[in-house]
Amino acid sequence: MNRHRALRRALIEWYDRNRRDLPWRRTRDPYAIWISETMLQQTRVETVIPYYEQFLRRFPTIQALADSDPDELMERWAGLGYYRRARNLRAAAVKIAHEHDGRLPEEVDELRGLPGVGRYTAGAVASIAFDRPAPIVDGNVRRVFSRLFEIREDIGSAPVVARLWEEAAELARGARPGDLNQAVMELGAVVCTPRTPRCQACPVARRCGARAAGDPEALPIKKTRKAPREVVSVAGWVARRGRWLAARRPPVGLLGGLWEMPGGDLEAGETPEEAIGRALRERLGLVVKEVRPLGSVSHQFSHRSLELHVLEAAVAEGRVRRAGYDAHRWLSRRAFGALPLSAIAQKAIGLASDPR
DNA sequence: AAATCGGGGAA
DNA sequence: TTCCCAGATTT
């Protein structure tokens, strides 16, 4: 379509002059690009950069990733969130080593067969690393397109999603599909921003439907999401002979594979003191003799609002019998702090090490 | 179509 | 505070 030809030219011209210098734009290594795209899922560029550089130093090749120790992998990922991504990356690397001769597949359909590679990531790797005319639709593309084409419907509805992928496919049909895709994302990131788009700086403002209508900031339209569930939990600071008890969460589910002070959610009508006694008994077979509150920390997940009470718990001698945790260790504070810990676990340890 | 799965930076 | 980010997967 002619409409897209003019669009492509304006976008590429703008991108060539305005693209940010990002680490993954300095390489042509498909592996590095795949890692960057995975880290960038629902995660800001600025957050990703240090993780990306450290990760590639430690795991420079697909084979290095396939051979990696899962616990060390989680250490490198700790703090980045969505920890399933790290497990999927490793599983995909193993699969690539076995089924693809150790090289990342170049076609969208094959890429999508890798764990953790969905429609977006497959299109990103195929277009950026392999120059395939594959479309991508991410949050930036949704916003830019909804304004450009003035789509005044719920951006998440099936027909609109289909429309967005069609437009993206048409766009990617030109030369330099990887740069075209990145141009739209870049535009969304630095010009066509959510609250106050900088239309004066936009290379396609003349063609923008929402701009013409005068309310680009009103798009895209999306359903209001429900409030996060409120949860109250407890974590136990449990000492034995100068070491503290750390437990590893099961690989699937929330914070899968990360370590923490053992604990659990409060049940109805329970006090934190009662809950820590029950949790340590149920999950580790420990009998709590005495409890002292150390304070509480709060943490916001996108779908959960958590208040975590941290309690020092003296336990009776006796062997740990795990249930609901994957592993446990008795560690010095220093070694505890070196484990792969979630942000909330780090807050809890800060409280335990420096009680108020 | 909705829920799950993190964390943090910007407005 | 609220929003939302170079999404994937399960229910």
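First the proteins, then the strands, lettered A, B, ... as listed; each starts at 1.
When the side-chain nitrogen and oxygen atoms of A/His303 are compared with OP1 and OP2 of B/dC5, one or more of them lie within a distance under 4.0 Å. Residue A/Gln42 places none of its side-chain N or O atoms closer than 4.0 Å to OP1 or OP2 of C/dC5. Checking the phosphate oxygens (OP1, OP2) of B/dG7, a side-chain nitrogen or oxygen of A/Tyr83 falls inside 4.0 Å. The phosphate of B/dG6 (OP1 or OP2) has no side-chain N or O of A/His299 nearer than 4.0 angstrom. OP1 or OP2 of C/dA8 lies within a sub-4.0 Å distance of a side-chain N or O belonging to A/Thr121. One finds no side-chain N or O of A/Arg85 lying less than 4.0 angstrom from the OP1 or OP2 phosphate oxygen of C/dA8.
Two rings, from A/Trp165 and A/Phe145, have their centers 6.0 Å or more apart.
Sequence neighbours left out, the pairs with a member in residues 211-239 of chain A that pass salt bridge (Lys or Arg N to Asp or Glu O under 4.0 Å) are A/Arg152-A/Asp215.
Residues from residues 220-235 of chain A lying near DNA chain C, meaning a heavy-atom separation below 4.0 Å, are A/Lys222, A/Arg225 in numerical order.
Side-chain atoms of A/Tyr120 and base atoms of C/dG7 include no donor and acceptor less than 3.5 Å apart. Residue side chain A/Arg44 does not reach the base of C/dA6 through any donor-acceptor N/O pair under 3.5 Å, judged by distance alone. Scanning atom types as modelled, no donor and acceptor separated by under 3.5 angstrom connect the side chain of A/Thr47 and the base of B/dG8.
Of the inter-residue distances, the one linking A/Asp179 atom CG with A/Arg25 atom CZ reads 8.5 Å to the nearest 0.5 angstrom.
Within 4.0 Å of A/Trp24, counting heavy atoms only, lies at least one base atom of the nucleic acid.
Donor-acceptor pairing under 3.5 Å is recorded for the side chains of A/Arg85 and A/Thr43.
Between A/Trp237 and A/Phe336, the ring-plane angle classifies as tilted under the 30° and 60° cut-offs.
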